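Here is how names work: the chains are called A, B, and so on, in the same order as the sequence lines, proteins then strands, and each is numbered from 1. Please read these numbers as outputs of a predicted model, since none were measured by experiment.
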2 protein chains.
Amino acid sequence: MQKKKHSIKAIAKELNVSVTTVSFVLNGKAEENRISQKLIDKVQAYVKEIGYYPSQLAKSLRTGKSNIIVFMVEDISNPFFATIAKLIEDQAFKDGYKIIYSSTNNDPEKTMGLIRVFKDLQVDGYILTPPVGMDPKLIKELSNDRNPMILFDRYLPDVECSHVVIDNFQGAKQGLDLFLENGLKEIGFVTLDSNQSQMQDRKEAYDQMCETLGISPKVLKVPFGSYSSLDAAKALKGYFLNNKELDAIFFATNYLAMKGMQVMKELGIKIPEDMAVIAFDDNEFFKFNTPTVTSIVQPKEEIAQKLISTMLELINTDVEERKVKKIVLQASVNERESSKKKVGMSK
Amino acid sequence: MQKKKHSIKAIAKELNVSVTTVSFVLNGKAEENRISQKLIDKVQAYVKEIGYYPSQLAKSLRTGKSNIIVFMVEDISNPFFATIAKLIEDQAFKDGYKIIYSSTNNDPEKTMGLIRVFKDLQVDGYILTPPVGMDPKLIKELSNDRNPMILFDRYLPDVECSHVVIDNFQGAKQGLDLFLENGLKEIGFVTLDSNQSQMQDRKEAYDQMCETLGISPKVLKVPFGSYSSLDAAKALKGYFLNNKELDAIFFATNYLAMKGMQVMKELGIKIPEDMAVIAFDDNEFFKFNTPTVTSIVQPKEEIAQKLISTMLELINTDVEERKVKKIVLQASVNERESSKKKVGMSK
DNA sequence: CCATAAAGCTAAACCCATTTAGTAAAAATG
DNA sequence: CATTTTTACTAAATGGGTTTAGCTTTATGG
């Protein structure tokens, strides 16, 4: 149980061979460098015996590769991101990559700081949910850098950067169509006051629906960042009270839906009798809740799989030959109780 | 916008000074090494101009410090862990530390593999939820290592290792006492079939209560690892049907409670009229649900704060002088609708 | 004016690996 | 037997820092 630090040098000395030889053996380059089988065995045996394995740090310093991919999202405690994180981690692990997570808090400053830190750690690639207010130029610059960057969940319309996102427009449209099929006409839309692409796209579906039907939109934009605070509840309460004619609401995020349903409960609005509800992005709670909540489901496994496969592909392609990969996946509707219009019920 | 790599060497050359001098200036050791103010200014100005900042990698290699703390939990997508992770991250960031997260999947092999990887990355400390079946000897060994390790959420009874946990016994007891105060007598206990310390301690409170009251325990141990699968639902269903006399159930985890309540819903068991419910560990869902669910709340902020402050304290203490820190925090009851026995209701 | 001290700076070793460009010896070739 | 090829292995540069020990030069003291 000797605590002495192992190193290639020490091994080389112990075995009376050169550092180079040991390194070759360790990296499977012994054969191509004509190291004799006898010596290979000797080195391998000793390395195994002392339980040595090389310092990634030194390795990274030398090679410029770290086998680390960073996953930077708005908030790692958000179940959606956490789930994707887990899936990515498992996938990457198989390919010998480690994942470092980090939360951007949607703060461009913090994000840039973190990217700098990671740049410096020589991470091999970045997966990022770009925060609001992030300078597109920086993203552009970063994405042309030696280490690939993939945007995720949302993209920046003006920047040519690889991304994996879902078709938010189609996703929202499917939900809205379901309302219409169920005979619901007075549909409201609750979203965040944010200009992130995914939010815009979801709202676009609603706006388009309104235009097609020739009705005027009833949109609530909850102040961004406040959605766990009282402001959100107040905004929602006001919205419900001022729009009593509504019989269905599409919530652009699951958090908003939960907040909204809580407020409805306080106001005595029954779901789905008084008000049908669909939320964008599924959630554990939705299937436990009474009533169960219809939601737009993002294909998490597919997203994770595409993220990691795209990342590896980019990493293994020379910078010059890299092409911008734009991957758009389809969401689906998970129909549950909350979106059903029950004919002949109250209201 | 030159892409040329910056390095201390390059700077030294450019300014016609030695590498040493630049290093001293960068590390604030210029004064104590009698570098003239003039030169200090010159170096600092240039460094700022080219936007240089040193490679952590090289730094770590040399100093053996990385300013990284690893946070390894069973499953980072579990909201409890994710929330703690976020809190820790924010706290650590202020002190100049970065956090790397990782999931152990409760797999001792994977855990050891990860620890090895991190050891190698020269991380400064470990925060770990030890997986079931983890060799206590290894933990013991690791905790005596140069880099501190803090166990969290659960501990290993036989190992002298620093930890931050909550008083699971008292927490569970408070919930059970609440049942008793509300006049509920036939109390069941649903837990995981796991010998993790936190689970044992929760159950201990129940067993003790039964003994005090002189009643026979009615415990369901849901197979571990299956709690998102059908097995769990089946087990729960059987338990409810075979114990119709129960009028209250304490769930040892929030997940079990959600699953349990779903099954009750299917069986037509009304909460709290037919069955009162308390869950260990609060959850977003519990305050949205109908009825809202009473739960034992873990002081997450406090846990995170203690974890980080203890870690920093250990890091900044010489190995020889380090003492094992055992921190036990108190949980509290968040009383909501599900635990009330409504007199005169059905049953 | 010489010895000593202080000021101001730097050479070089070290952390731990990878990799290029060799070298020495053995085997093959003419 | 001399030359070329192959085999088997290694020295040394490199990546980007930190830090110890030491070297000039100038100031101080007797």
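The nucleotide whose nearest atom lies closest to any side-chain atom of Thr21(B) is, among dT18(C), dC9(C), dT19(C), dC9(C). In this structure, the nucleotide among dT18(C), dG17(D), dG16(D) sitting nearest to the side chain of Pro54(B) is dG17(D). Here dG17(D) is the nucleotide among dG17(D), dA17(C), dT19(C) with the atom lying nearest to any side-chain atom of Ile8(B). Side-chain proximity of Asn27(B) to the nucleotides dA17(C), dT19(C), dT18(D) is greatest for dT18(D). The Phe24(A) side chain lies nearest to dT20(C) when the options are dT20(C), dT18(C), dT10(C). Among the nucleotides dA11(D), dC16(C), dT18(D), the one closest to any side-chain atom of Ser18(A) is dA11(D). Of the candidates dG17(D), dT19(C), dT20(D), the closest approach to any side-chain atom of Lys59(B) belongs to dG17(D). For Ser55(A), taking side-chain heavy atoms from C-beta onward, the closest of the listed nucleotides dA17(C), dT18(C), dA13(C) is dA17(C). Between dA17(C), dT10(D), dG17(D), one nucleotide has an atom nearer to the side chain of Ser7(A) than all others, and that is dA17(C).
Closest approach of Ile76(A) and Ala85(A) over heavy atoms only: CD1-CB, 4.0 Å.
When the side-chain nitrogen and oxygen atoms of Tyr52(A) are compared with OP1 and OP2 of dC16(C), none of them lie within a distance under 4.0 Å. Using a 4.0 Å cut-off, no side-chain N or O of Tyr53(B) falls inside it from OP1 or OP2 of dG16(D). Of the side-chain N and O atoms in Ser23(A), none sit less than 4.0 angstrom from OP1 or OP2 of dA17(C). For dC9(D), one of the phosphate oxygens OP1 or OP2 lies less than 4.0 angstrom from a side-chain nitrogen or oxygen of Ser36(A).
Counting non-hydrogen atoms under 4.0 angstrom, Lys9(B) reaches nothing in the nucleic acid. If you check every strand for non-hydrogen atoms under 4.0 Å, Leu26(A) touches nothing. Within the 4.0 angstrom heavy-atom criterion, only backbone atoms of the sugar-phosphate kind lie near Thr63(B); the bases stay farther away. Using a 4.0 Å heavy-atom criterion, one finds that Asn33(B) contacts the bases of the nucleic acid, with or without backbone contacts as well. Residue contacts for Leu57(A): at a heavy-atom cut-off of 4.0 Å it reaches no nucleic acid atom on any strand shown. Residue-level contact check: Val17(A) touches the backbone only, with heavy atoms under 4.0 Å from sugar-phosphate atoms and none from bases.
Straight-line distance from the CG atom of Asn67(A) to the C1' atom of dT18(C): 15 Å, rounded to whole Å. Lys29(A) places its NZ atom 12 Å from the C1' atom of dA17(C), with the value rounded to the nearest Å. In this structure, CG of Asn16(A) is placed 11 Å from P of dA11(D), rounded to the nearest angstrom. Between the NZ atom of Lys13(B) and the P atom of dA11(C) there is a distance of 13 Å, rounded to whole Å. For the pair Gln122(B) CD and dT18(D) P, the computed distance is 14 Å after rounding to whole Å. Between Ile11(A) atom CD1 and dC16(C) atom P the separation is 11 Å, expressed in whole Å. The distance from atom NZ of Lys65(B) to atom C1' of dT19(D) is 17 Å, rounded to the nearest whole Å. For the pair Ile40(A) CD1 and dT7(D) C1', the interatomic distance rounds to 13 Å; values are reported in whole Å.
Heavy-atom neighbours of Lys13(B) NZ from other residues, nucleotides or ligands within 6.0 Å: at or below the threshold of 12.
The existence of a salt bridge linking Lys325(A) and Glu313(A) is confirmed by a sub-4.0 Å separation between a basic side-chain nitrogen and an acidic carboxylate oxygen. The residues Glu74(B) and Arg154(B) are annotated as salt-bridged, a charged nitrogen and a carboxylate oxygen being separated by less than 4.0 angstrom. Remark: Glu89(A) does not engage Lys94(A) in a salt bridge, criterion side-chain N to carboxylate O under 4.0 Å.
Between the side chains of Gln37(B) and Asp41(B), at least one donor-acceptor pair of N or O atoms lies under 3.5 Å.
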Exercise. After noting the C-alpha distance and the side-chain angles of Ser23(B) and Thr20(B), does the key distance pass the side-chain hydrogen bond (donor to acceptor under 3.5 Å, both in side chains) rule?
Worked result: CA-CA 5 Å; Ser23(B) 177; Thr20(B) 312; over 6 Å; no

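Remark: the Thr20(B) side chain and the dA11(C) base include a donor-acceptor N/O pair separated by less than 3.5 Å. The base of dT7(D) lies outside donor-acceptor range of the side chain of Arg34(A), with no N or O pair under 3.5 Å.
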